[in-house]
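Here the structure is laid out as structure tokens; the discussion comes afterwards.
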Amino acid sequence: MLPGDKTSKNPSSSEGEIIGACRFGKPHEGYEGFEIGYWLGQPFWGQGHAADACHALIDHIFNTTNAQSIWVSCRVTNLRSRRVIEKCGFQFRESGMSHSVALGGMSPVERFVLDRQIWESLKAWGRADA
Amino acid sequence: MHNAHIPDHTASAIDTGHVDITTDRLRLQPLKHEHKEAAVALLAEKDIAKCLANMPSPYSEADFDEFIQIVHAEDNKDLVLAITNWQDGAFLGVVSLQATQSPDVVELGYWLGKPYWGIGIMKEATMALIDQHFAVSEKSMIRAGYFTDNPASGNVLRFLGFRDINEQKVYSLARKMEVDHRDMELTREAYLGTEQKPDAGRQRDLARSTSYSMNY
């Protein structure tokens, strides 16, 4: 979890225990900005932790880089992950194929994008002191 | 829903013109003058204003002009979005998040043209807006409410994870009387932990529901 992400601690886990991970890096070839990814240990599913962590990651990327867009993808069959992505404000952009190490081959994915302009508009609008 | 609030005139202008949210069937963008004709036509159906506290009925073009003037005013702090069919651009209704006197709290409001009731449009629109809101905004509480004789609106709020907090009488401008009203609230924490299962209606083809054409 990211430093400064105060809300991602799980009360059922001991302090500082790793419950999952998220990362950002270069997007697939042909895409601009950054791509994020995440996973969460199964005992910690369904409590909003993945969305919470990704919110912090997205803020970090837009606050510390000049990226204009952030990409994320999930397997078409992974509806839970799709909801995490939607809850982070991403919008569906396209369907495609992606290599899965776990599956040992290509699998159909959906790709989603979050544009800086929308993030900035809503950030300014939603400031607690605004 | 369109409940009155006291505007905070210390607010600075906030540019929400870039807000553009697309869902499976819908597009949410700032409400504009160009939506007037369609909005007035849909609001000729008086059942809509009866579900709302502050919607005039009958609804005139002047009412729309007045509302849009407030929305576009320099000191406006409300996010008021037109719901359109992203395929053909048809105007379907409005969804809004309005500032309140409490800096941490916004109020959700919405209305939908009657031909589009019952096919999950409002669940889809509100879910997309609240997704965006809680992803980005620091305001961690959303309030909403509905007249208890309009259970469809309550179903939307419960689907999103809102919980009951209070019941009271609220004056309805359209009905010219006080009506039983249920107040509800949703925290960011509760929302993130709630699994909103895609509504069955979300799979339906919006084009089929528009076969009514514009009979109003």
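Everything quoted here is computed from the prediction, not taken from an experiment. Letters A, B, ... mirror the listed sequences (proteins, then strands); counts begin at 1.
- A salt bridge is absent between B:Asp131 and A:Arg82; no separation between the charged side-chain nitrogens and carboxylate oxygens falls under 4.0 Å.
- Heavy atoms of B:Val106 lying under 4.5 Å from chain A belong exclusively to its side chain.
- Between B:Ala135 and A:Gly89, the shortest heavy-atom contact is CB-N, 3.8 Å.
- Among residues 104-119 of chain A, the residues having any heavy atom closer than 4.5 Å to a heavy atom of chain B are, in sequence order, A:Gln117, A:Ile118, A:Trp119.
- Atom CG in A:Asp52 sits 4.5 Å away from atom CZ in B:Arg188 (nearest 0.5 Å).
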>> Please evaluate residues A:Arg83 and B:Met127 with respect to the criterion side-chain contact (heavy atoms from CB on, under 4.5 Å), reporting the C-alpha separation (whole Å), side-chain torsions for both, the decisive distance (0.1 Å), and the verdict.
In response: CA-CA 10 Å; A:Arg83 267 312 281 149; B:Met127 186 164 79; 3.5 Å; yes
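- Panel note: side chain A:Gln47, backbone B:Gly193; no donor-acceptor pair is recorded below 3.5 Å.
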>> Pair A:Trp125, B:Leu97 - check side-chain contact (heavy atoms from CB on, under 4.5 Å), show working.
In response: CA-CA 10 Å; A:Trp125 178 77; B:Leu97 287 174; 3.5 Å; yes
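- Here the side chain of A:Gln91 pairs a donor or acceptor atom with the backbone of B:Asp20 at under 3.5 angstrom.
- Taking the centre and axis of the six-membered ring of B:Tyr191, the NZ or CZ atom of A:Lys87 falls inside the cone set by 45° and 6.0 Å.
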>> A:Arg80 vs B:Glu195, test: salt bridge (Lys or Arg N to Asp or Glu O under 4.0 Å). Steps then yes/no.
In response: CA-CA 8 Å; A:Arg80 276 172 171 252; B:Glu195 282 196 62; 3.2 Å; yes
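- Between atom CD of residue B:Glu138 and atom CG of residue A:Asp59 there is a gap of 8.5 Å, rounded to the nearest 0.5 Å.
- With a threshold of 4.5 angstrom between heavy atoms, B:Ile130 does not approach chain A through any atom at all.
- Within a 6.0 Å radius of CD in A:Glu32, other residues, nucleotides and ligands contribute 12 heavy atoms or fewer.
- Contact of the A:Glu120 side chain with the B:Val136 side chain is not registered, since no non-hydrogen atoms from C-beta on lie closer than 4.5 Å.
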